[in-house]
Structures are given as structure tokens and as C-alpha cells.
Amino acid sequence: MYLTADAINLGALVAQVQSPRHGGIASFLGSVRDHQGGRSVLRLEYSAYDPMAEAECGRIVREAESQWDCVIALKHRTGTLQIGDVAVAIVAASAHRDEAFAACRYVIEEVKRRVPIWKREIFVDGTVEWVGAGAGGQRSSGGDHSVTSQSAES
């Protein structure tokens with residue numbers, strides 16, 4: 001399972017990929033920051049189409065493992081996350097660091113591009129914005145990612 005409502009344990013992911021044949025272990029942690037687009041963020045809420053997200057995460061992991069001689073562990077949070085919480089974690093292990101770094105980078109970029117996970121940003125000023133990710137290609141690697149905007153509930 002790649003999606004979880006629970007806090008992500010980086011040590012557990014490292015343990016999944018660690019072995020005597022892997023000399024390089026690279027990781028990526030994506031955590032909730034306190035700002036977006038010049039505004040203060042209060043919290044984030046992640047939702048996903050679970051069956052499709054799980055399947056797509058599996059495809060991405062298998063692609064990376066076949067392109068580089070590596071093993072990948074991946075977790076992505078769903079639900080409500082507070083500032084500082086880890087939203088996504090990827091650990092790649094390989095015989096050498098170059099492959100581990102490349103595989104880790106590939107996995108996060110493809111997850112952001114292809115996996116149907118949506119982020120609802122709740123701002124301190126009371127506004128809310130949905131950020132689309134995954135299959136619709138709504139996410140890019142920079143700039144304003146807003147899909148729609150509305151007032152926050154009371």
C-alpha cells in the first residue's frame with residue numbers, strides 16, 4: 001500500500017530497501033510548508049482515488065526499479081495534514097548513489113505528474129484552493145497550481 005492516513009515513518013521505509021547489496025540510499029521527504037503563492041497556509045487536506053492511485057504508484061515504482069538497478073519504498077499521505085507533517089516519502093536504494101538519486105527523483109516527479117491525488121490548501125485568510133495532481137496533468141513543478149478557489153467554510 002502506497003497511500004496512508006497515518007504519519008509516515010522514514011525509518012520503516014529505509015528498512016524496506018536496505019540490504020548488503022545497496023551502498024547508496026537516497027530519500028525525498030515532501031513536508032507541508034507554511035506558505036504558498038505569498039500567502040500563509042493553515043493546513044492541507046489530501047484526497048485520492050485510492051484504487052487508481054495505488055495502481056499508478058505501483059507502475060511508477062516498477063518503472064524506476066526496471067530502469068535503475070534499485071529498490072523503491074513510497075508512501076503518500078491522505079487526510080488532513082498540519083504544517084511540518086510529511087506528505088510524501090520516497091526511499092531508493094541501489095549499489096551506487098547515482099542510481100539511487102536518479103530513481104528517487106524519477107519517482108517523485110512521476111507521482112506528482114500522474115497519480116490522482118488532490119490537495120486542498122486552507123489559508124490563514126480563510127480562502128481555500130484545490131490543487132489537482134495526477135492523471136489530469138494539473139500539476140507543474142513551479143508557479144501557481146490553483147485549479148479552483150472558494151471561500152472557506154465557517
Side-chain angles (χ1 to χ4, degrees), residues 1-38 40-122 129-147:
M1 300 250 331
Y2 300 103
L3 301 180
T4 182
D6 299 325
I8 295 172
N9 179 336
L10 180 61
L13 294 178
V14 170
Q16 285 180 27
V17 302
Q18 207 164 25
S19 85
R21 56 177 257 134
H22 296 138
I25 298 175
S27 65
F28 173 80
L29 296 177
S31 61
V32 179
R33 64 182 176 268
D34 66 357
H35 66 280
Q36 170 61 29
S40 295
V41 172
L42 184 62
R43 69 180 180 278
L44 300 180
E45 297 171 359
Y46 283 95
S47 59
Y49 177 55
D50 291 5
M52 189 176 183
E54 288 286 346
E56 196 62 26
C57 284
R59 279 191 282 280
I60 292 166
V61 166
R62 286 189 301 276
E63 289 166 9
E65 290 175 343
S66 69
Q67 187 169 350
W68 296 277
D69 184 16
C70 67
V71 178
I72 305 287
L74 164 65
K75 286 287 182 185
H76 200 299
R77 289 282 305 272
T78 57
T80 300
L81 281 71
Q82 303 302 319
I83 304 303
D85 286 348
V86 173
V88 61
I90 300 157
V91 179
S94 187
H96 303 283
R97 69 180 175 274
D98 287 342
E99 292 83 7
F101 279 122
C104 193
R105 177 67 184 249
Y106 175 83
V107 172
I108 188 57
E109 296 300 337
E110 292 303 304
V111 165
K112 300 299 268 178
R113 188 173 74 81
R114 294 167 36 188
V115 179
I117 297 173
W118 298 272
K119 177 172 67 174
R120 184 176 184 223
E121 296 176 320
I122 295 88
E129 291 184 3
W130 281 97
V131 180
Q138 295 293 322
R139 180 168 299 280
S140 64
S141 59
D144 185 359
H145 308 300
S146 301
V147 175

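As the structure is a computational prediction, the values presented were derived from the model and not from experiment. In what follows, residues are counted from 1 in the order of the sequence shown.
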Any chance you could lay out the side chain to side chain contact (heavy atoms under 4.5 Å, CB included) test for I83 and V41, step after step, and finish with the verdict?
CA-CA 8 Å; I83 304 303; V41 172; 4.1 Å; yes
To the nearest 0.5 Å, atom CD1 of I72 lies from atom CD1 of I60 at 11.0 Å
From CA spacing to verdict: side chain to side chain contact (heavy atoms under 4.5 Å, CB included), V86, L81:
CA-CA 8 Å; V86 173; L81 281 71; over 6 Å; no
Euclidean distance, E99 CD relative to E65 CD, rounded to 0.5 Å
14.0 Å
Quick one: does V111's side chain get under 4.5 Å of Y2's, heavy atoms only?
no
Side-chain touch V115/H76, heavy atoms, less than 4.5 angstrom:
no
May I have all residue pairs that pass salt bridge (Lys or Arg N to Asp or Glu O under 4.0 Å) and include part of residues 67-91, sequence neighbours excluded?
R21-D69
Got a sec, which residues hit side chain to side chain contact (heavy atoms under 4.5 Å, CB included) with C104, two or more places apart in sequence or on another chain?
A26, F28, I90, A92
Non-neighbouring partners of R62 that pass side-chain hydrogen bond (donor to acceptor under 3.5 Å, both in side chains), sequence neighbours left out
none
Pairs involving residues 5-19, ordered by first then second residue, that meet side chain to side chain donor-acceptor pair (under 3.5 Å) (sequence neighbours left out):
S19-H22
Distance from L44 atom CG to Q82 atom CD, nearest 0.5 Å?
9.0 Å
Who pairs with L10 by side chain to side chain contact (heavy atoms under 4.5 Å, CB included), at least two apart in sequence or on another chain?
V14, S27, L29, V91
Please enumerate all residues that pass salt bridge (Lys or Arg N to Asp or Glu O under 4.0 Å) together with R97, with sequence neighbours excluded.
none
Evaluate salt bridge (Lys or Arg N to Asp or Glu O under 4.0 Å) for R105 paired with E109, printing each intermediate quantity in order.
CA-CA 6 Å; R105 177 67 184 249; E109 296 300 337; 3.0 Å; yes
Which pairs count as salt bridge (Lys or Arg N to Asp or Glu O under 4.0 Å) when at least one residue sits in residues 49-60, sequence neighbours excluded?
E56-R59, E56-R114
Set of residues satisfying side chain to side chain contact (heavy atoms under 4.5 Å, CB included) with respect to S40, sequence neighbours excluded
V124
Search all heavy atoms of G84 against all heavy atoms of S31 and return the closest pair with its distance.
O-CB, 4.0 Å
Quick one: closest heavy-atom pair of R33 and H35, and the distance?
NE-O, 2.9 Å
Can you list every ring-ring contact (aromatic ring centres under 6.0 Å, His included) pair that touches residues 85-108, not counting sequence neighbours?
W68-Y106
